[in-house]
Each structure stands twice: as structure tokens, then as C-alpha cells.
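Here the structure is laid out as C-alpha cells; the discussion comes afterwards.
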Amino acid sequence: MQELIVTPEAQGEPMPGAAFEPAIVAFVCNWCTYTAADLAGTSRMVQSPNVRLVRMMCTGMVDPKYIIKALLGGADAVLISGCHPGDCHYINGNYKARRRVKLLMEILPRFGIDSRRIKLTWVGASEGNEFAATVNSFAAEIKELGPIDTRRLPLL
Amino acid sequence: MGSIARIEVKDANPVAALQGFCARLLADGEISAVLAPRRLPGNGGTMPALVADPAELRDVDPLAPSFRLNAARMLTRLTRGTDEGGLVAALLRPCEVRAFIELCKLNQGSLENTLLVSMDCPGAFTNVDSARFSGNRGDLDALLGFLRADGRGAFDGVEVARACRTCEHATGAEADLTIGLFGQDVENGLLLMANTPRGEGFITRLGLPEASDDGSRGSALEALLAERRATQEKLFAETTAATSDMTKLSTFLSACVNCYNCRAACPVCYCKECVFLTDVFEHRPWQYLSWARQRGALKMPTDTVFFHLTRLAHMSTACVGCGQCSNACPNDVPVMELFKTIAASTQKAFEYEAGRDPGEAPPLSVFREREFPELTGGLD
Ligand code: SF4
Ligand code: SF4
Ligand code: FES
């Protein structure tokens, strides 16, 4: 097997002092968390600007590869948020999502991706404040954790 | 404990004895054909063949240490849908049986339409190495020596594939019938053991002499499995250390050219159309350029690590550790090592074992209402 040298600069050191703004990709269910996000916005709640929402019809359609692609593409963290158990519009999509997140938690941390970079939450349509709080604390946690390595890896 | 019969071996030739066993199967009114490894011309080793005429059994060689492909997918082609042409008796290695069971769970094949016959698997050489052994065709002594090693066979100083050396499912207990080789005097007789009601039925009907288990098979197996588990632990530890962060994983996979041969060879990569072969990955030029600008440089082809991680997520819970991925790789990427290591964790996480039980649903196809509360901060 041929050995490729990864340059030391690419080791993804956290930049001390420099203001690191994490990029968080959030796969949110149209029927609950997306509506909650909308509500948080229209209610002018203070929300971290680090989150990019991807609206899904259900968390049950978040294939593991979307999460993997986001993290390899340089997203510092991924949030998957859907309806509370029992409330999924497609009956059990959120339970399936939970198994997929469990699966990724077995795989990605073994390759050095911190499990704190993947988060699953249930946020109902009326819980705008809950959504804002989730996003703010998640962004703060990831800020603490620093940027993901994959941002600067030349190989992949 | 199921019934045990004896397959007599004459002239110290267990291959001929198994050809005779296949002939008996073919003679049974319920069996319409036998799928079994058959010698290829030249040094090619063996390849599965669907044999309908007993005269064509002459080159059948289920014991040859050749494993060019995992025949589970072939058997799905012969069994899918409703039974139309009678039973196909399939002589498979244990990892082929387990892969077939995984595919049946996805309705790609049917256990109803086959009689699964497996064996105490002596292992096989990689496709690259097997030519040496098959170049020796006709030399029964080499084969007997290989079989007597009870799963530790070597030839010309070359060992069987690493997938085989780290396999702990060597007996095909998931099949209807298992041919017992371990601890046996293979020049005189082999065992035939029933594992299922269908297997029991056939053992009675085939009219083979009854046999009893004197314990030699059990002790040979136990010793082998202890060694295999230790080798497996070593493989897991090595692979884990070599892939413990993204830089290392990237390096581990650096020789990969995205040919996807590993995916094509994998018996349990079950998708009819793989997303990596669709135009999802035919990015526009501006897209590549923008990625290159973002990172300064972009390795091409892109998405190599993405491909492997996605495959791990999609099918590691079904991985049977057969090693065909590594066998198929033109660039010696240690694919089996990675998949076997990760599969051990993902299967454990769902208390699942690929191919163990046809009644066990694939873990990503089911759920419990209350489980894994740690994922959602205790909220479920
Ligand atoms: S990933 Fe490799 S070892 Fe696992 S089932 Fe597929 S081909 Fe066999
Ligand atoms: S067979 Fe080897 S080179 Fe081809 S995609 Fe798989 S790992 Fe990469
Ligand atoms: S509809 Fe919201 S998670 Fe399924």
C-alpha cells in the first residue's frame, strides 16, 4: 500500500484565541422542528447564526450518508431534530432515525470524530424556545470543541 | 443434537466422495440441481456451477481452497420468488450461507427453495494466491495435507486468506446440513450433520449409514476457534490503531481508486442501484473548482473516504467477514480488515449477528419505542 504523507499543517489544530465560528448542519423535520425554528425566528428569539437548516419531510429520511457527507465536507457538527416519540407524521420515522444515529455513533467516533459532533433531539412544532435553546447550547459546545479535522485534510 | 450420518471415503479421495454425495442429492426427486464449486480450466481454481446432469459432477470440488466469489448472490438468482423448479441443493462455505440468509431477509432470495449444505470450512487462499495451489491440480496429497490441518492449511508457505484466519464461524451450523471435516480422518470418512428439520429429512432419505460423534470434531473445533479468536483480536487492534483518526483513515484508504470492485464483490451490498454509481456524484466542474479553492487542493477522484464510510453505515451490520472485498481490490486496500472490525462493533451495538438466524430482522429495519436513551439526553 502506498503511503501518502499528510502535511503537519493540516492536522487541524484549534486556533487559539481566534474566534472560531462553527458551521452546524441541521436536518430538521418539516412537521415539528422546522416549524419550531420558524416560530423561534418569527418570535425574534436570540439564536446562534451557526446553524444551516436542511428541511426534511421526516427524520426517517435522513440517510446516514447525509450526516457523513456533512461532517466530511467540513461541517463541525450535525443536528438531527424531529418530532417527539409518538408524534412522527409517518408513524415511526423518528425511531428509525434514532437507530441510524446509534449506528453512526458506533462508526464515526472510531475514526476520531467526536461523538459530541452528532446530536439528535426531539423538538415539537410549538417549542420555538426549546429550539433556540438547543441550537445555542449546541453551538457553544462545538465552539468549545474547536473545528473538525476534515476541514483541512487534503486526502479524504 | 441432530442426526449424524457418515459419508464414506474410498481410495483416500474425499473429493470423489463429495461428488458421490452430490449425485445422491441429484437422484432425489425433490432436488432439481446442485450448485457447487467446480474446477475451472487452467489454474483458475473453482467457480460455482449449477449442475443438473450427474455426469457433470466430475469436476465438482467443494474442498478446493479456492473462493473466487461469494456464491450467496448466485443462489439468490436461483431461489427468488415462488418455487417454480424444485429445490436447488447448494454447497456453500459458512460465510456464503450467512450472506445468503442476510439476502433472504431482504427478500432477494428464499430459504424455502434451497437445501443449504455447508461444511467445516478449511479456509481458502486469496484469489491471487490460489493459482499456486490450483496449478497443482490433481495432486490429491496437497489437498489431503491441507484438509488435515483442520483450518490452518498452507501451501508453499502461503497461508489461507486473512479473512479465513480470523473467522470464528467455521462450521456452517446455519445451513440445513453440515459436512464435518474437523478432527476427521478425511481419507476414510466425513460426517454429515443435520441442523434443521429439512436437513433431518434429507439425512433420512439419502440412505447414508448412521454415525456417531466421538468428540474429536468438537475438540479440533475448539482449538481452532481459540486460535482464530486470538488472530481476530489482533486484527481488530491493528486496524483500530491504524484508523483512529481521519488522517489515519484517509491514509489507510489512500491507494483506493474508487473502482467500487469491493462493493461489487460484497455479497451483502444489497442495493439494486448503488448511489455511488448514480449521477449524484457527477458534479459540475464549478463544484470541483469551488471545493479546490476552499481547501487549496482537492484529491481526485473525490469522495473516497465518503464511499467507504457510507458502505460501512449501510451494510456493516450485514457483513459476514468473507473477505471478498479485499479479494476484489486491485490495489491491496485492506478493506476486509476495516469492515470486519467495524462490523464487530455495529453488530454488537444492536445485539445482532449477520446470518445467525433467518428470523432475526436486520437491525436498521426495526426499532423499539424505548431504546438508546443516551442519544437524546435521556428523553425518549
Ligand atoms: S464487506 Fe467484505 S468481508 Fe464483509 S460481507 Fe462484504 S465482501 Fe465480505
Ligand atoms: S476495490 Fe479497492 S480500489 Fe476499488 S473501490 Fe474498493 S477499496 Fe477502492
Ligand atoms: S414527521 Fe417529524 S420525525 Fe417523522
Side-chain angles (χ1 to χ4, degrees), chain A residues 1-12 60 63-69 71-74 80-82 84-86 92-115 118-123 134 148-156, chain B residues 239-240 243-256 275-276 280 291 294-299 302-307 309-314 316-317 331-334 338 341-342 345-350 363-377 379-380:
Chain A
M1 204 175 87
Q2 157 198 12
E3 192 92 343
L4 282 193
I5 308 301
V6 177
T7 52
E9 303 88 294
Q11 300 290 337
D63 189 280
K65 66 180 170 287
Y66 303 161
I67 300 168
I68 297 169
K69 180 70 178 171
L71 293 169
L72 291 181
I80 304 101
S81 185
H84 286 278
N92 53 31
N94 46 3
Y95 295 131
K96 292 176 182 159
R98 183 168 58 194
R99 284 220 155 193
R100 293 186 191 130
V101 171
K102 171 73 183 167
L103 175 77
L104 289 176
M105 290 295 197
E106 291 299 322
I107 300 176
L108 297 177
R110 301 190 56 118
F111 305 126
I113 292 187
D114 195 302
S115 61
I118 306 161
K119 194 178 182 70
L120 173 69
T121 60
W122 312 132
V123 176
T134 301
I148 194 164
D149 284 354
T150 54
R151 278 200 192 205
R152 316 211 297 158
L153 278 187
L155 208 56
L156 291 173
Chain B
T239 311
T240 301
T243 58
S244 61
D245 62 32
M246 273 296 163
T247 306
K248 288 190 191 163
L249 178 65
S250 232
T251 310
F252 191 86
L253 298 169
S254 62
C256 174
V275 63
F276 286 92
V280 170
W291 282 328
Q294 261 170 35
R295 286 166 187 266
L298 181 70
K299 191 218 103 192
T302 58
D303 295 310
T304 306
V305 171
F306 182 41
F307 162 67
L309 287 178
T310 299
R311 215 168 76 83
L312 282 169
H314 283 175
S316 67
T317 52
N331 295 304
D332 281 340
V333 176
L338 180 63
T341 302
I342 298 302
S345 333
T346 57
Q347 294 183 21
K348 185 157 167 261
F350 295 104
L364 273 297
S365 69
V366 287
F367 57 84
R368 295 199 190 93
E369 285 189 11
R370 287 169 187 277
E371 60 181 356
F372 313 126
E374 73 279 6
L375 295 178
T376 43
L379 288 171
D380 61 7

Contact origin within A:Leu108 toward chain B - heavy atom pairs under 4.5 Å:
side chain

How long is the gap from OG1 on B:Thr310 to CD1 on A:Ile107, to the nearest 0.5 Å?
9.5 Å

Given B:Phe350 and A:Leu103, is the side chain to side chain contact (heavy atoms under 4.5 Å, CB included) satisfied, shown in steps?
CA-CA 9 Å; B:Phe350 295 104; A:Leu103 175 77; 4.0 Å; yes

Side chain to side chain contact (heavy atoms under 4.5 Å, CB included), that's the test. Do B:Ile342 and A:Phe111 meet it? Break it down for me.
CA-CA 10 Å; B:Ile342 298 302; A:Phe111 305 126; 3.7 Å; yes

Greatest number of non-hydrogen atom pairs under 4.5 angstrom with chain B, of A:Leu120, A:Leu71, A:Thr121, falls to A:Leu120

Is the closest side-chain donor-acceptor distance between A:Arg110 and B:Ser345 under 3.5 Å?
yes

Just verifying a value: how many Å separate B:Thr376 OG1 and A:His84 NE2, rounded to the nearest 0.5 Å?
10.5 Å

Would you call A:Met105 and B:Leu375 a side-chain contact if the rule is heavy atoms closer than 4.5 Å?
yes

To the nearest 0.5 Å, what is the distance between OG1 on A:Thr150 and CG on B:Asp245?
11.5 Å

On a heavy-atom basis, the closest approach of B:Arg295 and A:Gly74 is NH2-N, 4.4 Å

Which portion of B:Leu309 sits near chain A, non-hydrogen atoms under 4.5 angstrom:
both

Distance in Å, B:Thr247 OG1 paired with A:Leu153 CG, rounded so as to fall on 0.5 Å steps
4.0 Å

Applying a strict 4.5 Å limit to non-hydrogen atoms, the region of A:Asp63 in contact with chain B is side chain

Cation-pi between A:Lys65 and B:Phe306: NZ/CZ under 6.0 Å from ring centre and within 45° of the ring axis?
no

Region of A:Ile67 in contact with chain B, defined by heavy-atom distances below 4.5 Å:
neither

Stepwise side chain to side chain contact (heavy atoms under 4.5 Å, CB included) test for A:Arg99 and B:Val366:
CA-CA 8 Å; A:Arg99 284 220 155 193; B:Val366 287; 3.8 Å; yes

d(B:Phe307 CZ, A:Ile68 CD1) to nearest 0.5 Å is 12.0 Å

Minimum heavy-atom separation for B:Asp303 to A:Lys69, with atom names?
OD1-NZ, 2.6 Å

Check against side chain to side chain contact (heavy atoms under 4.5 Å, CB included), B:Glu371 and A:Arg98:
CA-CA 9 Å; B:Glu371 60 181 356; A:Arg98 183 168 58 194; 3.7 Å; yes

So that I can tick it off, tell me whether B:Glu374 and A:Lys102 are bridged by a salt bridge, with the cut-off set at under 4.0 angstrom between side-chain N and carboxylate O.
yes

Is B:Val275 in contact with chain A via its backbone, its side chain, both, or neither, using a 4.5 Å heavy-atom distance?
side chain

